[in-house]
Amino acid sequence: MRDIDLVNALRCISSEDGPTGDCKKCPFYKTVTLPEDLAAKVGAWEWSACDVDAVGFAAADRIANQNTNILALQLEIEKLRGQVPRRMPLPIVPEEGM
């Protein structure tokens, strides 16, 4: 899943006005088959919904994964910095006539 899909899903489930896009295109869209007694009450056998819990877990997993990657990159940067020779400053030579 792309980051933008997750960001859009987080924004959508947080919107006071309800869905912000086409739910059927969202990776968290699901259709649930209702139990017979409930289906009779609502007049439908299937119910479409957003798997809100999955959105939260996916976001938490993505953040944790990115933090792990950031730490690994920071360690690699420090390792590479240790391999770069340090430049010595040039000595200050007084100008003639001073």
Value rounded to 0.5 Å, distance of [atom1] in [X] from [atom2] in [Y]:
{"X": "Ser48", "Y": "Lys24", "atom1": "OG", "atom2": "NZ", "value": "6.5 Å"}
{"X": "Asn8", "Y": "Ile13", "atom1": "CG", "atom2": "CD1", "value": "12.0 Å"}
{"X": "Leu80", "Y": "Leu75", "atom1": "CG", "atom2": "CG", "value": "11.0 Å"}
{"X": "Thr33", "Y": "Glu46", "atom1": "OG1", "atom2": "CD", "value": "5.0 Å"}
{"X": "Asn65", "Y": "Ile70", "atom1": "CG", "atom2": "CD1", "value": "10.0 Å"}
{"X": "Met1", "Y": "Phe28", "atom1": "CE", "atom2": "CZ", "value": "3.5 Å"}

For the student: nearest non-hydrogen atoms of [X] and [Y], plus distance:
{"X": "Cys23", "Y": "Tyr29", "answer": "O-CB, 3.0 Å"}
{"X": "Ala9", "Y": "Cys26", "answer": "CB-SG, 4.2 Å"}
{"X": "Ala58", "Y": "Leu6", "answer": "O-CD2, 3.8 Å"}

[atom1] of [X]: more than 12 outside heavy atoms within 6.0 angstrom?
{"X": "Trp45", "atom1": "CH2", "result": "yes"}
{"X": "Arg62", "atom1": "CZ", "result": "yes"}
{"X": "Glu16", "atom1": "CD", "result": "no"}

*Any donor and acceptor pair, going by atom type alone, linking the side chain of Ser15 with main-chain N or O of Arg11 inside 3.5 Å?*
no

*asked:* Apply side chain to side chain contact (heavy atoms under 4.5 Å, CB included) to residues Asp3 and Gln66 and explain how you reach the verdict.
replied: CA-CA 11 Å; Asp3 285 348; Gln66 288 177 346; 3.5 Å; yes

*Among the clusters formed by ILVMFWY side chains lying less than 4.5 Å apart, do Phe57 and Val55 turn up in the same one?*
no

